[in-house]
Amino acid sequence: MKQIFSKPLFISVALFVIILFGVAGFHYEIGYPAWLTMLLGIVIGALLVVLIQLLLHYLAPWLKKIPTSVIISLVAGFMALYIMRMYAFRWPTQVFYVMALIGFISTLLFVFGIAQLIKAKNFKSGGGMIVLSIALVALGFYSFNGLDGDPYISEEDETVFNQADYLSNKGLENPATPGSYEVESFTYGSGTDKKRPEYAEGVKYKTPTVDASLMLPEWQGKKKKWREKFWGFSVDSFPLNGRVHMPKGVGPFPIVLMVHGNHSMIDYSDGGYAYLGELLASRGVIAVSVDENFINAHWSGDFRGKEMPTRGWLLLKHLEQWKKWNQDVPDLKGKVDLDKVVLMGHSRGGEAVSIAAAFNKLDRFPDNGNETFDFNFGIKGIITVAPTDYRYDREISLQDINYLSIQGAYDSDETSFWGMRPYHRMEYSENFEGFKAGLYMNHANHGQFNSTWGRSDFGAPMKWLLNLEPLVSGEEQREVAKVYISAFVESVLKDNDSYVPMFQNVDLAMDWLPKEQYISQYEDNQKLILVDFEEDLDVTRAAEGIMLTAENFKVWKEKELLARDGGSQQNKAVVLGWKYAKADTDSIPVYSIALTDSLKDVKSADTLAFSMAIGDLSELKLEDKQKKKTKLPNKGFNFSVVLVDSMGNKASVAVDEHNGFSQKIKSKFTKFKFLDKQMIGGDSEIQLKSCYIPVSSFLKQEDSLHLNKLKSIDFVFDKDTLGVLVLDDIGFYLKD
């Protein structure tokens, strides 16, 4: 036994391991003194190395009986698998090696079966092995794909909409219906693109290159070498390439620039928005899909967000080119109205359009003042589709611009609705007449908003882990984009206010959309927000002297809302949780907002508005017995809103009289729930729904209620005896 531990090699290995465990223990903070955790680490390291040494010592005689060829084959195979997992598969360890083991056993059975057939002529044994191998593969394949599906939804959970309120019933045309304009499609570009003929001999108009050296200094090393070898140009000569869909006619026409995100640079993305371009052009808008593939990801490297300013800057350089054509080129002279511009971006392109809108008003590049800007185009709105909001190291906050963001709940690339962060940061001055809106769609993913990216958000082999069965079809997902983007363009560039209600409430457009669950958020300058929970730490106070009280709640707190991965949504709200016996009317929870006499605008209120979402029922800390006895609600909770004036007059309206409820949207991104927790985070994130109650509904019940003497707004939870609700942005829309 002494010889086992006295060898210099063992002593060296043990000492090295013990030192590492001691260092790790010293820095492992669990609330005890560092010297104690260091000592614990040393003990664990010493025990571990001794136990492994003993185990291998007693196994050695058995290991000697294993032929060297077997050991070499197994070690070689394991090393090859390890390298494959690190650099090719990159699956989570447990999934990869379980699958590899099943595959290895199947292969072993198949090979030994073939050997039995050929060498031993043993058809019974060999055939049995082959059949068992094939059956094992088939069973594994069937079981693996049998894990697909949405475990969170059933037909009972479908939302019922009031079809009488559809905008189409008021004579409004589906905005996804093609318009009356004939459409001309063509490309413009350098005319020398060696990879893409549509931007070489296929261009209708040639464009100059632009020098992005100061914008993208990261164009260096292997990124520079291999990209220049592939594309044939460098950072100082980026092309201005675009696909144009233009209405035939005199003009001037508004213009929409569309830009893709960070797909593989050799799987060109700019053609994937032709479905939008053709629709918008048919409705009298010039639509341009901008090519920025040359700064996308490649095996030689991803710029990892350092290219984000360049993505936005290139959009402005395209507008600059259109300005020149609008002045000088006969066929295009006076064709475009550059005071009416909308930028639409997908994925990283969604972050790029915000950057472009910010750069549009600057004189110099904030990351390098030697790059001068002179843009100042009339950018009236931006549209972000499944966007990022964290790639650029500067946080963009915009003012006085219309905004729309669309997100799929099954987006496994951008798993959270990052587009709502710019929404919350957006500020409007007093006289601005635009709006901001968000649309969250269940069973929509990242890539299908682009017609060429495919159904999976990742390529093989990662795509094999994704849960693709619940996804809507690409055509359905793009139909949602067509409806909402076209309506946004109509509202922003053509002053067509008739489509604005569908941004306020998605239910009004449900007959134009695929049958699915949606959540819509909306805000404009007409809303007088009384309480938004952003001011301070005091849960009893809001701005303007407003007092907040909560009675009979199990949970009452104001908190920052989090994305499913734990990141901030950059928005705060109040969380209210309650549980009471049905017969105990004295325990009904009431959340009250006590107003002050200084709020004179309230007397001109037209609609009470607030945002709400289902909270986390686990916050009630129900015991198992209570859970079994109580049917936990899955849909939005109904409750009453009561207006009270200073003379004690009250009027009450149930929320469901004017607002539809849908179930909480949950997602299963991969075939395994435990992988979702490891790779993505929670199965859902709080997404608020904008809700409305017309003030007329209160007034018709109580003629003596005086809005100019309104004392409080009470949220009375008298409909459901148990629930957790998130409330935000409580206020009134005012009459014009």
Side-chain angles (χ1 to χ4, degrees), residues 91 95 141-155 157-159 176 260-264 267 269 272-273 275-276 346-347 350 384-388 405-419 438-485 506 510 512-520 563-565 662-673 675-677 679-685 687:
W91 284 14
V95 175
F141 183 81
Y142 175 80
S143 300
F144 190 66
N145 287 287
L147 297 169
D148 285 338
D150 186 347
Y152 302 116
I153 193 169
S154 67
E155 292 183 2
D157 297 323
E158 290 183 3
T159 301
H260 56 81
N262 189 47
H263 198 59
S264 169
D267 184 15
S269 301
Y273 308 105
Y275 71 98
L276 286 172
H346 181 194
S347 192
T384 68
V385 179
T388 59
S405 191
I406 303 174
Q407 178 74 31
Y410 267 73
D411 186 328
S412 51
D413 189 359
E414 297 301 330
T415 57
S416 295
F417 197 172
W418 301 121
L439 182 70
Y440 193 62
M441 176 186 181
N442 199 8
H443 301 126
N445 73 347
H446 191 77
Q448 291 188 131
F449 287 115
N450 183 302
S451 64
T452 68
W453 282 5
R455 187 166 175 80
S456 172
D457 287 341
F458 300 120
M462 281 299 295
K463 69 180 283 185
W464 300 334
L465 293 180
L466 294 181
N467 177 25
L468 302 181
E469 182 183 310
L471 298 182
V472 297
S473 68
E475 290 76 14
E476 289 175 311
Q477 190 165 324
R478 290 188 286 276
E479 187 66 20
V480 175
K482 287 164 66 176
V483 169
Y484 264 79
I485 290 173
V506 64
M510 283 303 298
W512 297 334
L513 301 171
K515 189 177 181 182
E516 194 47 82
Q517 294 172 294
Y518 303 88
I519 296 174
S520 55
R564 68 175 79 242
D565 67 352
S662 61
Q663 75 177 81
K664 187 174 185 178
I665 293 180
K666 295 184 177 182
S667 308
K668 179 173 176 279
F669 291 93
T670 68
K671 296 179 186 294
F672 305 93
K673 287 187 179 181
L675 278 189
D676 276 20
K677 292 181 179 179
M679 298 169 57
I680 294 165
D683 56 20
S684 66
E685 62 184 19
Q687 288 301 326

S.K.: Hey, can you tell me if His346 and His446 have their rings parallel, tilted or perpendicular (30° and 60° cut-offs)?
M.R.: tilted
S.K.: What heavy-atom pair brings Val506 and Ser520 nearest, and what distance separates the two atoms?
M.R.: N-OG, 3.0 Å
S.K.: Give a yes or no on whether the backbone of Tyr152 and the side-chain of Gln663 come within a donor-acceptor separation of less than 3.5 Å.
M.R.: yes
S.K.: Compare all side-chain heavy atoms of Asn467 with those of Thr670 and state whether any distance is below 4.5 angstrom.
M.R.: no
S.K.: With a 3.5 Å distance limit and no angle check, can you tell me whether Asn445 reaches the backbone of Arg455 through a side-chain donor-acceptor pair?
M.R.: yes
S.K.: Identify the two heavy atoms, one from Pro151 and one from Lys673, that lie closest to each other, and give their separation to 0.1 Å.
M.R.: CG-CE, 4.0 Å
S.K.: With Trp418, which residues qualify under ring-ring contact (aromatic ring centres under 6.0 Å, His included), at least two apart?
M.R.: Tyr390
S.K.: Hey, does the side chain of Asn450 reach the backbone of Ser269 with a donor-acceptor pair shorter than 3.5 angstrom?
M.R.: yes
S.K.: Set out, in order, the CA-CA distance, both residues' side-chain angles and the distance that settles side chain to side chain contact (heavy atoms under 4.5 Å, CB included) for Asp457 and Asp411, then state yes or no.
M.R.: CA-CA 7 Å; Asp457 287 341; Asp411 186 328; 3.9 Å; yes
S.K.: Are side-chain heavy atoms of Ile485 and Val385 found at a separation under 4.5 Å?
M.R.: yes
S.K.: Okay, side chain of Arg478, backbone of Gln448: is any donor-acceptor separation there less than 3.5 Å?
M.R.: yes
S.K.: How long is the straight-line distance from CE of Met441 back to OH of Tyr518, given to the nearest 0.5 Å?
M.R.: 4.0 Å
S.K.: Is there a side chain to side chain contact (heavy atoms under 4.5 Å, CB included) between Phe458 and Leu465 once you walk through the steps?
M.R.: CA-CA 9 Å; Phe458 300 120; Leu465 293 180; over 6 Å; no
S.K.: Any non-hydrogen side-chain atom of Asp676 less than 4.5 Å from a side-chain atom of Asp683?
M.R.: no
S.K.: Rounded to the nearest 0.5 Å, what separates atom CD in Gln517 from atom CG in Asn442?
M.R.: 5.0 Å
S.K.: Test your reading of the model: is there a side-chain donor-acceptor pair from Gln477 to the backbone of Leu471, 3.5 Å cut-off?
M.R.: no
S.K.: As an exercise, state the distance from OG of Ser684 to CZ of Arg564, rounded to the nearest 0.5 Å.
M.R.: 6.5 Å
S.K.: Quick check: closest heavy atoms across Leu466 and Ser456, and the distance to 0.1 Å?
M.R.: CD1-OG, 3.5 Å
S.K.: Return yes if some donor-acceptor pair links the side-chain N/O of Ser405 with the main-chain N/O of Thr384 below 3.5 Å, else return no.
M.R.: yes
S.K.: For the residue pair Glu479 and Ala176, what are the closest heavy atoms and their distance?
M.R.: OE2-CB, 3.5 Å
S.K.: Check step by step if side chain to side chain contact (heavy atoms under 4.5 Å, CB included) holds for Leu439 and Val480.
M.R.: CA-CA 10 Å; Leu439 182 70; Val480 175; 3.8 Å; yes
S.K.: Go through the structure and list residues passing salt bridge (Lys or Arg N to Asp or Glu O under 4.0 Å) with Lys668, not counting sequence neighbours.
M.R.: none
S.K.: Could you tell me the separation between the OG1 atom of Thr415 and the CD atom of Glu685, rounded to the nearest 0.5 Å?
M.R.: 7.0 Å
S.K.: Once you round to the nearest 0.5 Å, how far does CE of Met679 lie from CZ of Phe672?
M.R.: 11.0 Å
S.K.: Quick check for you: to the nearest 0.5 Å, what is the distance between Tyr275 atom OH and Phe449 atom CZ?
M.R.: 7.0 Å
S.K.: Give the minimum heavy-atom separation between Gly261 and Trp453, together with the two atoms involved.
M.R.: N-CH2, 3.8 Å
S.K.: Output all residues satisfying ring-ring contact (aromatic ring centres under 6.0 Å, His included) with Tyr410, sequence neighbours left out; order by chain, then residue number.
M.R.: His443, Phe669
